[in-house]
Amino acid sequence: MSDTILGRKLGMTQVWSEDDNLIPVTVVLAGPCEVTQLKTTEKEGYEAIQIAFQPVKESRLNKPQLGHLEKSGVGPRKVLREVRVESAADYELGQEITVEAFTDAKKVHVTGISKGKGFAGVIKRHNFRGGPGGHGSHFHRAPGSIGQASTPSRVFKGVRLPGHMGNEQVTVKNLDLVRVIGEENLLIIRGAVPGGKGALVSVRIAK
């Protein structure tokens with residue numbers, strides 16, 4: 001069974017642990033996902049499967065997309081993702097992947113797109129300390145020196161500067177999987193995961 005499943009972040013809440021501690025958790029509506037393509041070493045050069053998630057109206061997809069899904073016997077789906085596996089021969093087209101595959105898992109890695117923060121300065125974006133707060137300093141939240149003078153007469157690549165913050169792929173590793181609710185396709189994961197409510201996330205069993 002695949003060790004990866006796609007889902008939507010429903011939000012955060014808190015639950016009681018077995019030792020009567022209140023722990024913060026994220027609720028993820030995960031799957032069911034269907035296998036829509038098998039990729040093998042002989043044909044593609046590596047072993048992988050493609051999984052589909054979230055039913056959608058047929059009018060939302062174009063004909064090539066619909067034809068691709070029909071080959072695997074799966075209806076219209078909004079999201080397709082490729083997952084590396086040890087052997088694609090262990091799977092078959094149309095096979096369903098559910099949260100039941102996570103029943104014995106203790107920890108998971110969660111990948112998603114972080115919340116976009118827009119244009120941010122160096123204090124918010126890179127945790128710079130900033131200058132003195134007094135009126136006379138004239139240096140409060142600026143980045144300070146960003147390079148040398150006439151040599152080399154340029155700013156080196158990688159210098160931390162103000163710019164677009166967030167809205168990038170983030171993986172949070174080794175989160176505790178608190179509970180699996182199979183009948184409702186829910187994963188209860190300790191702590192926060194990337195993205196806002198409704199964000200698409202990929203949950204993978206930690207090896």
Side-chain angles (χ1 to χ4, degrees), residues 1-12 25-114 168-190 193-207:
M1 183 61 76
S2 172
D3 64 351
T4 303
I5 196 168
L6 302 175
R8 293 275 175 194
K9 176 179 175 179
L10 297 184
M12 291 195 71
V25 296
T26 301
V27 182
V28 176
L29 178 65
C33 298
E34 296 90 2
V35 177
T36 53
Q37 189 177 359
L38 305 175
K39 296 196 172 186
T40 61
T41 307
E42 294 75 32
K43 191 173 180 184
E44 282 84 13
Y46 61 98
E47 297 286 324
I49 59 172
Q50 185 188 74
I51 57 176
F53 173 63
Q54 196 174 342
V56 69
K57 287 182 181 178
E58 194 172 304
S59 59
R60 290 287 186 179
L61 302 180
N62 57 34
K63 285 189 176 181
Q65 291 169 326
L66 288 171
H68 173 68
L69 291 168
E70 283 172 9
K71 282 182 184 177
S72 56
V74 176
R77 295 291 183 270
K78 184 174 184 177
V79 182
L80 296 177
R81 287 290 185 276
E82 189 173 291
V83 178
R84 288 292 187 105
V85 294
E86 288 185 7
S87 174
D90 297 337
Y91 303 85
E92 53 187 46
L93 292 177
Q95 179 179 333
E96 196 171 69
I97 299 169
T98 67
V99 293
E100 301 295 343
F102 288 72
T103 305
D104 298 325
K106 302 296 182 187
K107 291 184 178 289
V108 292
H109 305 323
V110 182
T111 302
I113 303 296
S114 62
E168 58 188 8
Q169 183 171 296
V170 177
T171 299
V172 182
K173 294 188 172 184
N174 295 315
L175 295 172
D176 290 331
L177 183 58
V178 178
R179 203 168 297 161
V180 177
I181 306 176
E183 59 273 15
E184 297 181 40
N185 296 316
L186 295 179
L187 296 176
I188 312 297
I189 301 169
R190 180 170 187 154
V193 306
K197 289 181 181 177
L200 178 71
V201 294
S202 170
V203 184
R204 178 163 49 95
I205 297 173
K207 299 298 185 185

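We count residues from 1, following the sequence as given. Excluded from the calculations below are hydrogen atoms, water molecules and symmetry mates; all remaining heavy atoms, backbone and side chain alike, are included.
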Item to check | Stepwise side chain to side chain contact (heavy atoms under 4.5 Å, CB included) check, Val85 with Asp90 | outcome: CA-CA 9 Å; Val85 294; Asp90 297 337; over 6 Å; no

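- Using a 4.5 Å heavy-atom cutoff, the side chains of Glu96 and Thr98 are in contact.
- Val110 is not listed as a side-chain neighbour of Ser202, based on a closest heavy-atom distance of 4.5 Å or more.
- Looking at heavy atoms from C-beta onward, Ile51 lies in side-chain contact with Leu6 at the 4.5 angstrom threshold.
- Between the CD atom in Glu58 and the CG atom in Leu66 there is a gap of 5.0 Å [rounded to 0.5 Å].
- Between Val27 and Leu186 the shortest side-chain heavy-atom distance falls below 4.5 Å.
- Among the candidates Ile189, Asp176, Leu187, Val178, the single residue satisfying the side chain to side chain contact (heavy atoms under 4.5 Å, CB included) test with Val25 is Val178.
- The two residues Asn185 and Pro32 have their closest heavy-atom pair at ND2-CD, 3.6 Å.
- Ion pairing of Arg77 with Glu34 is present here, as a side-chain N (NZ or NE/NH1/NH2) and a carboxylate O approach within less than 4.0 Å.
- When all heavy atoms of Ala52 and Thr36 are compared, the closest pair comes out as CB-CG2, 3.5 Å.
- Leu10 places none of its side-chain heavy atoms less than 4.5 Å from the side chain of Val28.
- Under the 3.5 Å distance criterion, the side-chain polar atoms of Lys9 are matched with a main-chain donor or acceptor of Val193.
- Side-chain contact check for Thr171 and Thr111: at least one donor-acceptor pair (N or O, by modelled atom type) lies under 3.5 Å.
- Considering all non-hydrogen atoms of both residues, Gly112 and Val201 come closest at CA-CG1, 4.5 Å.
- The shortest heavy-atom contact between Pro76 and Leu69 is CA-CD1, 3.9 Å.
- In this structure, the separation between CD on Glu183 and CD1 on Ile181 is 7.0 Å, given to the nearest 0.5 Å.
- In terms of modelled atom types and a separation under 3.5 Å, the side chain of Glu47 and the main chain of Thr41 share a donor-acceptor contact.
- In summary, of the residues considered (Val74, Ile5, Val79, Ile49), a side chain to side chain contact (heavy atoms under 4.5 Å, CB included) with Cys33 occurs for Ile5 alone.
- Atoms CZ and CG, on Phe53 and Leu80 in that order, are 12.0 Å from each other to the nearest 0.5 Å.
- For the pair Thr40 and Ala88, the tightest heavy-atom approach, listed with the atom from each and the gap, is CG2-CB, 4.3 Å.
- For the pair Arg190 and Leu175, the minimum side-chain heavy-atom distance is 4.5 Å or more.
- By the neighbour-count criterion of 12 heavy atoms within 6.0 Å, atom CG of Asp104 is sparsely surrounded, having that number or fewer from other residues, nucleotides or ligands.
- Looking only at side-chain heavy atoms (C-beta outward), Leu200 and Arg81 come within less than 4.5 Å of each other.
- A donor-acceptor distance shorter than 3.5 angstrom exists from the side chain of Gln95 to the backbone of Glu92, with no hydrogens or angles considered.
- Atoms CD and CD, from Gln37 and Glu44 in turn, are 6.5 Å apart once rounded to the nearest 0.5 Å.
- A donor-acceptor pair shorter than 3.5 Å cannot be found between the side chains of Glu168 and Ser114.
- Checked by atom type, the side-chain pair Arg8/Gln54 shows a donor-acceptor distance below 3.5 Å.
- With rounding to the nearest 0.5 angstrom, the CD1 atom of Ile205 is 7.5 Å from the OG1 atom of Thr4.
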Checklist entry - What's the verdict on side chain to side chain contact (heavy atoms under 4.5 Å, CB included) for His68 and Gln50, showing C-alpha distance, side-chain angles and the deciding distance? => result CA-CA 11 Å; His68 173 68; Gln50 185 188 74; 2.6 Å; yes

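- A donor-acceptor pair is defined here as one N or O able to donate and one able to accept, closer than 3.5 Å; no such pair exists between the side chain of His109 and the backbone of Val203.
- The CD atom of Glu86 sits 9.0 Å away from atom CG of Asp3, with the distance rounded to the nearest 0.5 Å.
- Leu177 places none of its side-chain heavy atoms less than 4.5 Å from the side chain of Arg179.
- More than 12 heavy atoms of other residues, nucleotides or ligands shown are found within 6.0 angstrom of NZ on Lys107.
- Ion pair Glu82/Lys39 flagged as a salt bridge, since at least one NZ, NE, NH1 or NH2 atom sits closer than 4.0 Å to an Asp/Glu carboxylate oxygen.
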